[in-house]
J.: 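So that we are looking at the same thing, I have put the structure below in structure tokens.
The basis for the numbers below is simple: all heavy atoms, side chains too, and nothing from hydrogens, waters or symmetry mates. Read the numbers this way: they start at 1 and go in the same order the structure lists the ligands and their atoms.
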Amino acid sequence: QAFFKPIQNAAPPSSTKRHTKISVVGVGNVGMAIAQTILTQDLADELALVDAKADKLRGEMLDLQHAAAFLPRTKIQASLDYSITSGSDLCIITAGVRQNPGETRLNLLERNLALFRNIVPPLVKYSPDCILLVVSNPVDVLTYVAWKLSGFPPNRVIGSGTNLDSSRFRFLIADHLDVNAQDVQAYIVGEHGDSSVALWSSISVGGVPVLSFLKRQQIAYEKETLENIHKEVVQSAYEVINLKGYTSWAIGYSVASLARTILRDQRRVHPVSVLAKGFYEIEGGDVFLSLPAQLGRSGVLGVTNVHLTDEEAGQLKDSAKTILEVQSQLKI
Ligand code: 6V0
């Protein structure tokens, strides 16, 4: 406690204002991009960081704290000990191990499963009412893992899923049509990554449904151009990783936008990884994959009824099958 009092108290600080706390586990490239976007967008009163590397963790915490003079007031803390996350409203998991040369995806997944066994139970212990948001890859299977390990109801476990793929998609469509990406409504659903499904039938720009407009005008729309845009979305993660070693800024903004919708109860629709069984005729087991979901303060509020073509519905079911096959090889 300081003795020097620059301000003479006239009233005690308010204790009634809602206090929002976010925890981020993993302060690598992705965790830090998320943390810094959360800070600049004033989304939390308190931010707790956890990692397994003590020096890196303290260094990142200090570096963020030193920006206090330029940011909204947020209490930033960091520790190897999960008690620092106590009372969080939202816990974001970005910790992950890197793929070793020649390592299979399944082996990588098993190592990340071991990591999640150390991460999820303490988060749940210290924040039993929080919403868990998983970013680590493979995100759909790890969201399922987090759900299983947490014992939470499915509405409180969400994977960032294809929220990022969809924003890449909107950027590329906007670029192609020379419009603002915020005016492009377009969803990529299914598995985050290679088997993702582009919902062409639901794309609209400034309220104009693109495919039905082109059909009505009898313009032979270039199916190939559209398919190439989706291919580019799938390739773009690999391209960024090849060029700069990792992806960070877009995932940072994309996760901060989910945090805003959840914590401020915005009830916006985001394509994120949710328990998909029972929606869009997805059966065969408990599988998490991305569907356009309405999010709010209690997590997943619902899944929208987008009209899918038979082809899109089939692709979505295949995406579910791919994820379930991987899941069936895991012992949780
Ligand atoms: P990184 O820079 O290697 O950071 C990972 C961090 O996790 C490091 O700081 C580690 O010290 C930390 N860590 C490792 N083990 C533990 C543990 N047991 N407890 C706490 N912390 C631990 O990786 P980067 O930040 O680039 O990526 C993180 C994860 O996000 C990876 O799994 C990526 O594949 C995934 N991404 C997911 C995206 C999505 O759209 N869902 C997008 C980009 C990356």
J.: Less than 4.0 Å between a side-chain N and a carboxylate O, is that true for Lys56 and Glu60?
T.: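 Yes, this pair counts.
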J.: Under 4.0 Å, heavy-atom basis, I'd like to know which part of Asp51 is in contact with ligand 1: side chain, backbone, both or neither.
T.: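 The answer is both.
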J.: Ignoring hydrogens, just give me the one of Val30, Val27, Ile93 whose non-hydrogen atom is nearest atom 44 (C) of ligand 1.
T.: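 Of the listed residues, Val30 has the closest heavy atom.
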J.: Judged by modelled atom types alone, do Ser88 and Ser23 share a side-chain donor-acceptor pair under 3.5 Å?
T.: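 Yes.
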J.: Checking the N or O distance criterion of under 3.5 Å, is ligand 1 in contact with Asn118?
T.: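 No, since none of the N or O atoms of Asn118 sits under 3.5 Å from an N or O of ligand 1.
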J.: Heavy atom under 4.0 Å from ligand 1: found in Ile251's side chain, backbone, both, or neither?
T.: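 It is the side chain that touches ligand 1; the backbone stays farther off.
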J.: Starting from atom 21 (N) of ligand 1, find the nearest protein heavy-atom neighbour and note its residue, name and distance.
T.: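 Sorting protein heavy atoms by distance from atom 21 (N) of ligand 1 puts Ala52 N, 3.4 Å first.
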J.: May I ask you to decide whether Asp265 forms a salt bridge with Arg267, counting only side-chain N to carboxylate O separations under 4.0 Å?
T.: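 Judged by the 4.0 Å cut-off on N to carboxylate O distance, Asp265 and Arg267 do form a salt bridge.
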J.: What residue and atom, counting heavy atoms only, is the protein's closest point to atom 15 (N) of ligand 1, and at what distance?
T.: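 For atom 15 (N) of ligand 1, the nearest protein heavy atom comes out as Leu115 CD1, 3.4 Å.
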J.: Indicate whether any N or O donor in one side chain lies under 3.5 Å from an N or O acceptor in the other, for Glu46 and Thr20.
T.: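 No, Thr20 and Glu46 have no side-chain donor paired with an acceptor closer than 3.5 Å.
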J.: For atom 4 (O) of ligand 1, what's the nearest protein heavy atom and its distance?
T.: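 In this structure, atom 4 (O) of ligand 1 has Gly28 CA, 3.2 Å as its nearest protein heavy atom.
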J.: Could you tell me whether ligand 1 has any atom less than 4.0 Å away from a heavy atom of Val50?
T.: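 Distance cut 4.0 Å: Val50 fails for ligand 1.
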J.: Name the closest protein heavy atom to atom 26 (O) of ligand 1, giving the residue it belongs to and the distance to 0.1 Å.
T.: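 Here the nearest protein heavy atom works out to Asn29 ND2, 3.5 Å.
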J.: Is it the case that ligand 1 has an N or O less than 3.5 angstrom from some N or O of Ala95?
T.: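 In this structure, Ala95 places no N or O atom under 3.5 Å from an N or O of ligand 1.
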J.: For ligand 1, is any non-hydrogen atom under 4.0 Å from His192's backbone (N, CA, C, O), its side chain (CB onward), both, or neither?
T.: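 Side chain only.
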J.: With a 4.5 Å limit on heavy-atom distance, are the side chains of Leu62 and His66 in contact?
T.: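 A side-chain contact under 4.5 Å exists here.
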J.: Which atoms form the tightest heavy-atom contact between Ser254 and Leu164, and what is the distance?
T.: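 In this case the closest contact between Ser254 and Leu164 is OG-N, 3.9 Å.
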J.: Show your working on side-chain contact (heavy atoms from CB on, under 4.5 Å) between Tyr187 and Val197 and close with a plain yes or no.
T.: CA-CA 8 Å; Tyr187 296 113; Val197 181; over 6 Å; no
J.: Report, in ascending order of atom number, the atoms of ligand 1 lying under 4.0 Å from any heavy atom of Thr94.
T.: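 Numbered from 1, ligand 1 contributes 28 (C), 29 (C).
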J.: Report yes if some N/O of Tyr246 lies less than 3.5 Å from some N/O of ligand 1; otherwise report no.
T.: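 Checking ligand 1 against Tyr246, no N or O pair falls under 3.5 Å apart.
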J.: For Asp165, enumerate each residue passing the side chain to side chain donor-acceptor pair (under 3.5 Å) test, keeping only those at least two apart in sequence or located in another chain.
T.: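 Partners of Asp165 by the side chain to side chain donor-acceptor pair (under 3.5 Å) criterion, ordered by chain and then number, come out as His192.
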J.: Any ion pair linking Arg297 and Asp89 (charged N to carboxylate O, less than 4.0 Å)?
T.: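 Here Asp89 pairs with Arg297 in a salt bridge, since their nearest N and O are under 4.0 Å apart.
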J.: Thinking salt bridges, do Lys277 and Glu283 make one under a 4.0 Å N-O criterion?
T.: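 So Lys277 does not pair with Glu283 through a salt bridge.
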J.: Could you list all the side chain to side chain donor-acceptor pair (under 3.5 Å) pairs where at least one residue sits in residues 119-147, not counting sequence neighbours?
T.: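 As it turns out, the side chain to side chain donor-acceptor pair (under 3.5 Å) pairs with a partner in residues 119-147, which skip direct neighbours, are Asp140-Ser273.
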J.: If the cut-off is 4.0 Å to any non-hydrogen atom of Lys53, which atoms of ligand 1 fall inside it?
T.: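 Those atoms are 11 (O).
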J.: Could you work out, for atom 35 (C) of ligand 1, the closest of Ile119, Leu49, Asn137 by heavy-atom distance?
T.: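 That would be Asn137.
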J.: Give the single entry among Ser160, Ala54, Gly96, Gly26 that approaches atom 14 (C) of ligand 1 most closely by any heavy atom.
T.: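 That would be Gly96.
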J.: Would you say Leu164 touches ligand 1, if touching means a heavy atom closer than 4.0 Å?
T.: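 It does; at least one heavy atom falls under 4.0 Å.
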J.: Establish, for the pair Arg156 and Phe152, whether the NZ or CZ atom is under 6.0 angstrom from the six-membered ring centre and no further than 45 degrees off its axis.
T.: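 Cation-pi check for Arg156 and Phe152: passes.
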J.: Counting non-hydrogen protein atoms only, what is the nearest one to atom 3 (O) of ligand 1? Give residue, atom name and distance.
T.: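 Minimum-distance protein heavy atom for atom 3 (O) of ligand 1 reads Arg98 NE, 3.1 Å.
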J.: Can you tell me the protein heavy atom closest to atom 37 (C) of ligand 1 and the distance?
T.: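 The protein heavy atom lying closest is Val135 O, 3.0 Å.
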J.: Please could you name the atoms of ligand 1 that Thr247 approaches to less than 4.0 Å, counting only its heavy atoms?
T.: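 Here the atoms of ligand 1 in question are 42 (C), 43 (C).
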